[in-house]
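Report on the structure given below.
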Amino acid sequence: MLFQKSIALASLISAAFAHMAMVKPCSRYTPHGDCPALPAGQSLDYSLNSPLGNDAPLCKHTVPYDTPVESWTAGQEITVEFDSNGGAAHGGGHCQFSISYDGGKTFAVVHEVLKYCFVNGPTSSNTPEVLSYTFNLPEDLPSSDKAVFAWSWVNAMGNREFYMNCADVAIEGTSDSYTGKEMTIANHDGFEAIPEFKNDYDTGLDLYNNAKQITVSSSGSNSEDQNKNDGNSADAADSNGADQPESSVVESA
């Protein structure tokens, strides 16, 4: 009996430290860090770094904190940090950082790290080499005290999974709306699958580069922008200038 309990405990610990989790800003229901009190009826998520299940909603948890975990200003520099205890980088992959103004239903990208997220180049290692990303928020983000900031990730190797953590944030801005790429969702029920990279780190990039442009607003209304180039990220940047999400592709030496 004791042996069985030990095995069960070991399995829980393995699951809890098997992947990656966003710890700053505070993810919803995270057991890490100094975060607001949980919403009524909710529990800490000790498997926050597990992928979304096929039937799980975006963000995994849909009830927001009662108060924002961060207050940001459009255009400011922010740093997103990840759990340093036992995370597995799964060879890297594609990460995006996105914002929602409709409670987490629609997300527009504000920054992305394609190909080598958490690592410095092609690797078969599970050890993360990068545990934080610093970038500037777009200057034309609208104001909201109920915005949802998201990190999402498609891993390079291992089971085909989609990871996502969300944080409730307040944003102060002067724009009425923001236009950017729609967040890419893959390896999740009802969406396209991205296979293992197998050392080809361009795998799946077409889904990211060809994502449609959407416009999100502080009122919570969203629309597809028919006038924007929905081709590759370079073309989109040329047509939209500073309005485009900042993209980081870490090339190997």
Side-chain angles (χ1 to χ4, degrees), residues 21-30 35-36 52 57-65 67-82 94-114 117 132-154 162-186 188 207-208 211-225 228 230 233 236-237 240-248:
M22 181 174 70
V23 296
K24 183 182 178 183
C26 285
S27 298
R28 285 179 180 171
Y29 312 172
T30 178
C35 301
L52 289 185
L58 295 182
C59 289
K60 192 176 182 182
H61 302 290
T62 59
V63 179
Y65 280 119
T67 57
V69 301
E70 296 281 353
S71 294
W72 293 334
T73 301
Q76 85 167 72
E77 181 180 271
I78 67 169
T79 297
V80 181
E81 299 177 1
F82 295 87
H94 307 318
C95 284
Q96 289 184 320
F97 302 90
S98 308
I99 198 76
S100 172
Y101 288 89
D102 62 0
K105 298 174 184 176
T106 309
F107 286 89
V109 177
V110 297
H111 183 74
E112 55 188 4
V113 182
L114 303 179
C117 193
S132 67
Y133 288 99
T134 298
F135 55 90
N136 286 88
L137 294 171
E139 294 184 356
D140 55 344
L141 289 181
S143 292
S144 174
D145 60 357
K146 297 184 182 298
V148 182
F149 177 80
W151 156 73
S152 57
W153 175 41
V154 170
F162 183 71
Y163 297 81
M164 187 177 186
N165 292 160
C166 292
D168 298 297
V169 302
I171 296 175
E172 181 179 349
T174 58
S175 176
D176 292 329
S177 63
Y178 167 68
T179 298
K181 292 199 300 186
E182 185 174 41
M183 182 185 74
T184 297
I185 305 171
H188 190 56
L207 292 180
Y208 290 81
K212 67 184 179 183
Q213 298 285 312
I214 62 171
T215 297
V216 296
S217 68
S218 56
S219 67
S221 62
N222 307 295
S223 63
E224 181 176 348
D225 196 325
K228 300 295 183 181
D230 65 351
S233 56
N240 294 298
D243 288 349
Q244 285 306 297
E246 183 180 351
S247 176
S248 172

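Computed from a predicted structure; not experimentally measured. For reference, positions follow the sequence shown, starting with 1.
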Taking the side chain as everything from C-beta on, heavy atoms only, tell me whether T184 gets closer than 4.5 Å to V109. no
Start with the C-alpha gap between K146 and S144, add the side-chain angles, then the distance that decides, and say whether side chain to side chain contact (heavy atoms under 4.5 Å, CB included) holds. CA-CA 5 Å; K146 297 184 182 298; S144 174; 4.1 Å; yes
Closest heavy-atom pair, K181 versus Y208, reported as atoms and distance to 0.1 Å, is NZ-O, 3.0 Å
NE2 (H94) and CD (E112) are apart, to the nearest 0.5 Å, by 10.0 Å
Closest non-hydrogen atoms of L58 and M183, given as atom of the first, atom of the second and distance, are CD1-CE, 4.4 Å
Salt bridge (Lys or Arg N to Asp or Glu O under 4.0 Å) contacts touching residues 163-175 (sequence neighbours left out): R28-D168
Kindly determine whether Y101 and S217 satisfy side chain to side chain contact (heavy atoms under 4.5 Å, CB included), including the steps that lead there. CA-CA 6 Å; Y101 288 89; S217 68; over 6 Å; no
Correct closest heavy-atom pair for S27 and Y65 would be O-OH, 3.5 Å
To the nearest 0.5 Å, what is the distance between SG (C166) and NE2 (H61)? 10.0 Å
Note: Y178 and V110 closest approach over all heavy atoms is OH-CA, 4.0 Å
Look up atom SG in C95 and atom CH2 in W153, then write down how far apart they are to the nearest 0.5 Å. 7.0 Å
N165 (side chain) donor-acceptor with M22 (main chain) under 3.5 angstrom: yes
Which atom names give the shortest non-hydrogen contact between P68 and D145, and what distance separates them? CG-O, 3.6 Å
Decide yes or no on side chain to side chain contact (heavy atoms under 4.5 Å, CB included) for F107 and I214, but give the supporting numbers first. CA-CA 9 Å; F107 286 89; I214 62 171; over 6 Å; no
Do V154 and L207 have side chains that approach each other closer than 4.5 Å (heavy atoms only, starting at C-beta)? no
To the nearest 0.5 Å, atom CG of D102 lies from atom OG of S218 at 12.0 Å
Test side chain to side chain contact (heavy atoms under 4.5 Å, CB included) on C117 and Y133 and set out the steps. CA-CA 10 Å; C117 193; Y133 288 99; 4.0 Å; yes
Who are the side chain to side chain donor-acceptor pair (under 3.5 Å) partners of S98, not counting sequence neighbours? none
F149 side chain near I78 side chain, heavy-atom distance below 4.5 Å: yes
V216 and S100, any side-chain heavy atoms less than 4.5 Å apart: no
NZ-OG1 distance between K24 and T30, expressed to the nearest 0.5 angstrom: 14.0 Å
Output yes when a side-chain donor or acceptor of Y29 lies under 3.5 Å from a complementary backbone atom of V63, and no otherwise. yes
For residues T73 and L137, report the shortest heavy-atom separation together with the two atoms involved. O-CD1, 3.9 Å
Relative to each other, are the rings of F135 and F97 parallel, tilted or perpendicular (30° and 60° limits)? tilted
Has S175 got a side-chain atom pairing as donor or acceptor with P142's backbone, closer than 3.5 angstrom? no
Any side-chain donor-acceptor pair under 3.5 Å between T179 and T215? yes
